[in-house]
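Here the structure is laid out as structure tokens; the discussion comes afterwards.
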Amino acid sequence: MKIPPVKGTRDFYPQEMAVRNFIMEGWKAASIRNGFEEYDGPIFEHLKMYQIKSGQEIVEQLFHLTDRGGRELAIRPEITPTLARMVNQQINALPRPIKWFSIPRLCRAERPQKGRLREFFQWNVDIIDVDDPRADAEVIFTSIDFLRSTGLTTADIQAKISSRRLLAALLRSIGIDENKLESLYALLDKKAKLPCEAFEEMLAKEIPVKDQAERIRDLMEVTTIEDIPRIVHMNEAATAALDELKNVFSLLDLMGISDYCHFDMGIVRGLAYYTGMVFEVHATSGKLRAICGGGRFDNLLKDFGGPSIAATGMGMGDCVLEILLREKGLLTDSLATRMLDYYICCLDDELMSRAIVLTATLRQRGYVVDCVYKISSLGKQLKLASSTNARQSIILGQELIRDNQLVLKDMQSGNQRSIQYDHFLSDLSS
RNA sequence: GUGGAUGUAGCUCAGUCGGCUAGAGCACCAGAUUGUGGUUCUGGGGGUCGCGGGUUCAAGUCCCGUCAUCCACCCCA
């Protein structure tokens with residue numbers, strides 16, 4: 001009986017694994033360059049943990065299970081709650097500020113489609129206990145730093161940045177009631193995807209006061225930070241939030257990535273928990289969903305039963321990123337799945353044990369080595385050597401029996417020479 | 001949850017009006033080449049035509065059902 005793979009999952013054959021490693025090694029290197037430490041947690045947690053800040057609908061998109069002790073568990077759909085739990089548990093012992101990154105494997109029981117699967121990897125970086133735009137700018141910088149390292153340019157991607165704190169202050173200044181903010185965020189977040197008329201209609205339903213709705217619409221049309229005060233009266237809170245956001249942009253300029261960064265009033269993020277800067281990185285062309293997103297969420301630790309400590313961070317999934325890299329031709333067609341230092345060819349049955357000894361010796365010295373399993377024609381063995389991307393082949397044949405010599409063949413140039421077995425080994429260690 | 005498209009070899013696909021033993025390219029294996037790789041040439045293995053039913057002398061092809069996948073919508077931590 002043939003069992004199919006589970007919907008929304010991927011099999012990583014060596015070729016796909018090479019791509020995955022390419023991405024993850026890039027994530028890891030960018031994290032480390034920017035001063036982050038790696039952490040990880042369990043792949044499942046108590047179901048409750050995901051119900052704290054999410055509604056019933058999100059819980060339905062969890063893979064959940066009941067263990068044999070009757071505990072309700074869920075496979076992690078994100079790692080931020082785990083991060084909050086881990087940090088809260090040791091909050092008094094951990095040196096601060098905390099700059100942590102992780103590359104968790106996550107599962108969500110959603111309907112799969114382009115750029116979205118049920119199992120995926122998501123790079124997360126978070127900075128905790130830095131209540132300063134420096135941390136926000138650094139999170140954005142780290143994302144761009146990685147994307148830039150893959151070869152993506154300002155022509156391919158751009159970071160769209162806004163501030164939830166600013167938006168909240170502006171909406172209050174317009175006169176919007178506090179308890180309307182959340183549903184309004186959801187609508188404003190969708191604006192870019194909706195046709196103009198549909199947005200107007202939904203806005204009118206949400207905000208019946210004509211003057212208010214009009215000013216919100218005008219506000220969402222602004223393309224530069226400087227235009228904002230012309231549309232909305234700047235109270236104290238709005239001015240402070242605006243200065244803070246301007247500060248983020250000047251920091252990004254100092255960091256040398258202002259070409260990648262743009263203010264965009266339409267970046268709201270659906271989630272309720274953002275409290276300050278919010279951003280998304282999008283491909284400039286095509287209709288891909290966001291490559292990454294994040295922002296400041298200063299209530300995170302408090303929501304999970306800890307102290308009130310500032311936090312800012314971002315997440316980047318592997319699915320959309322891979323599609324984009326492929327579209328831009330930035331994934332080498334065949335990333336090598338193996339890269340041997342030596343491939344050992346053996347031409348005589350009586351030499352096979354010496355081939356095994358040589359293989360083991362070289363491996364012990366730290367070389368990447370493989371050895372043929374079956375005696376066959378040299379041509380066939382060299383073909384195998386080529387397919388393993390061996391830099392050099394070592395041929396064990398008559399020379400070894402006669403003169404204790406092996407043949408060393410450089411696979412790139414094709415040049416080869418004979419060398420005394422013992423000299424070969426002693427040359428290696430020098 | 002809603003709508004659309006597609007299911008033929010490991011992969012990408014062709015298969016005419018329903019008609020002979022179901023094909024190509026790539027990949028894989030072998031030989032040309034018993035001690036010299038990447039190229040080339042030759043050959044080979046590999047199929048429940050998604051599954052079930054129906055129409056017919058005859059179904060990969062037509063009809064009904066079903067399952068799966070992909071795409072879009074909803075949602076998006």
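Quick note on labels: first sequence line is chain A, next is B, and so on, each numbered from 1.
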For this session: In whole angstrom, give me the gap between the C1' atoms of B/A5 and B/G43.
Result: 40 Å

Seminar exercise, completed: Closest to the side chain of A/Arg289, out of B/C76, B/A77, B/A72, is B/C76

Exercise. Is any side-chain N or O of A/Lys380 closer than 4.0 Å to OP1 or OP2 of B/G31?
Worked result: yes

Problem set entry | Within 45° cone and under 6.0 Å: A/Arg20 NZ/CZ vs A/Phe12 ring | yes

Exercise. Expressed in whole Å, how much space separates the P atoms belonging to B/G44 and B/G50?
Worked result: 26 Å

Exercise. Looking at the side chain of A/Arg111, which of B/A72, B/U36, B/A77 is the nearest nucleotide?
Worked result: B/A72

Exercise. From the list B/G35, B/C75, B/C71, which nucleotide is the closest neighbour of the side chain of A/Lys114?
Worked result: B/C71

For this session: Please say whether the positively charged group of A/Arg164, taken as NZ for Lys or CZ for Arg, lies over the ring of A/Tyr185, i.e. under 6.0 angstrom from the six-membered ring centre and within 45 degrees of the axis.
Result: yes

Exercise. OP1 or OP2 of B/C71 less than 4.0 angstrom from a side-chain nitrogen or oxygen of A/Lys287, does that happen here?
Worked result: no

Exercise. Pairing of RNA chain B as dot-bracket, 5' to 3': ( ) intra-strand, [ ] crossing, | other strand, . unpaired, with Watson-Crick or G-U pairs under 3.5 Å?
Worked result: (((((((..((((.....[...)))).(((((.......))))).....(((((..]....))))))))))))....

Exercise. Taking atom P in both B/G47 and B/G23, what distance in whole Å separates the two?
Worked result: 14 Å

Exercise. So, are A/Asp40 and A/Arg76 salt-bridged, with charged N and O less than 4.0 Å apart?
Worked result: yes

Exercise. If you check every side-chain atom of A/Lys409, which of B/U36, B/A77, B/C73 has the closest atom?
Worked result: B/U36

Exercise. To the nearest angstrom, how far is A/Met314 atom CE from B/C76 atom P?
Worked result: 21 Å

For this session: Write down the distance separating the P atoms in B/U16 and B/G60, rounded off to the nearest Å.
Result: 12 Å

Seminar exercise, completed: side-chain hydrogen bond (donor to acceptor under 3.5 Å, both in side chains) test vs A/Thr312 passes for just one of A/Asp131, A/Asp132, A/Asp136, namely A/Asp136

For this session: Using a cut-off of 6.0 Å, state whether more than 12 heavy atoms not belonging to A/Arg402 lie near its atom CZ.
Result: yes

